[in-house]
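First up is the structure itself, then whatever we jot down about it.
Keep in mind that this is a model prediction, so the values were computed, not measured.
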Amino acid sequence: MRRYLLYKSGTLTALGHTREARQVQEEALTLYQDKTGIDPALLRLEAAICYARDRSPDEACQLAGLTFLRMDPAHRTPIVEERAREVVEVLPPAIRTGRAARELLEIIELPPGRM
């Protein structure tokens, strides 16, 4: 069920169905007891993408940055980094250079162990 909800979240997020995606993300996160690992991080990053699509850039970048910082460096796979960068990519162009977006990109660029 957890994996199904992860894929459903990704699909709804990609389609821009943010309200439905957020509901699925919340449901899925309740199924992860320890709330750590790649799948919960991906769900949080997809939630951040939804916030970005819904014009909440500060909240989006903050959630993505915290998610990335709290991850074990061994779990920061290319797909995780790609999802974190996608948060900035879906922001309106004028906001992509704002403080929140710049800080998120700086966090993503930090070498492991330097956070």
One should read off an interatomic distance between Arg53 CZ and Thr13 OG1, to the nearest 0.5 angstrom, of 7.5 Å
**Message:** Membership question, hydrophobic clusters at under 4.5 Å side-chain separation (ILVMFWY): are Val88 and Leu69 in the same one?
**Reply:** yes
Which of Leu43, Leu5, Leu42 passes side chain to side chain contact (heavy atoms under 4.5 Å, CB included) with Gln25? Answer is Leu43
Original post:
Does a salt bridge link Glu89 with Arg85, judged by any charged N lying under 4.0 Å from a carboxylate O?
Top reply: no
Could you see if Leu6 belongs to whatever hydrophobic cluster contains Val80? Use Ile, Leu, Val, Met, Phe, Trp, Tyr and a side-chain cutoff under 4.5 Å.
yes
Could you see if Leu66 belongs to whatever hydrophobic cluster contains Phe68? Use Ile, Leu, Val, Met, Phe, Trp, Tyr and a side-chain cutoff under 4.5 Å. no
With hydrophobic residues grouped by side-chain heavy-atom distances under 4.5 Å, do Ile95 and Leu63 end up in a single group? no
Original post:
Is a side-chain donor or acceptor of Arg102 paired with a backbone partner of Thr97 at a separation under 3.5 angstrom?
Top reply: yes
For Ser9 and Val24, the nearest pair of non-hydrogen atoms, with its separation, is N-CG1, 3.8 Å
Closest non-hydrogen atoms of Ala84 and Ile108, given as atom of the first, atom of the second and distance, are CB-CD1, 3.5 Å
field: Check: Ser56 side chain, Ala52 main-chain N or O, donor-acceptor pair, under 3.5 Å
entry: no
Check: Just by distance, do the side chain of Arg96 and the backbone of Leu91 share a donor-acceptor pair under 3.5 Å?
Finding: yes
Value for NE2 (His17) from NZ (Lys8), rounded to nearest 0.5 Å, stands at 11.5 Å
Paired with Arg83, the side chain to side chain contact (heavy atoms under 4.5 Å, CB included) test is passed by just one of Thr77, Leu45, Thr67, namely Leu45
* What about Ile49 and Ile79, same hydrophobic cluster or not, with Ile/Leu/Val/Met/Phe/Trp/Tyr joined at side-chain heavy-atom distances under 4.5 Å? -> yes
Asp54 bridged to Arg22 by N-O distance under 4.0 Å = no
Next item on the list: For the residue pair Asp39 and Arg3, establish whether any side-chain heavy-atom pair is separated by less than 4.5 Å.
Entry: yes
Tightest non-hydrogen contact, residues Pro57 and Ala100, listed as O-CB, 4.3 Å
CG of Asp72 to CD1 of Ile38, rounded to nearest 0.5 Å, is 9.5 Å
Q: Go through the steps for Glu81 and Arg76 under the test salt bridge (Lys or Arg N to Asp or Glu O under 4.0 Å), then give the verdict.
A: CA-CA 7 Å; Glu81 185 176 322; Arg76 293 187 194 127; over 6 Å; no
Rounding to 0.5 Å, atoms CD (Glu26) and CG (Leu31) come to a distance of 12.5 Å
Rounding to 0.5 Å, atoms CG (Leu12) and CZ (Arg19) come to a distance of 11.5 Å
If you count heavy atoms of other groups shown closer than 6.0 angstrom to CD of Glu20, is the number above 12?
yes
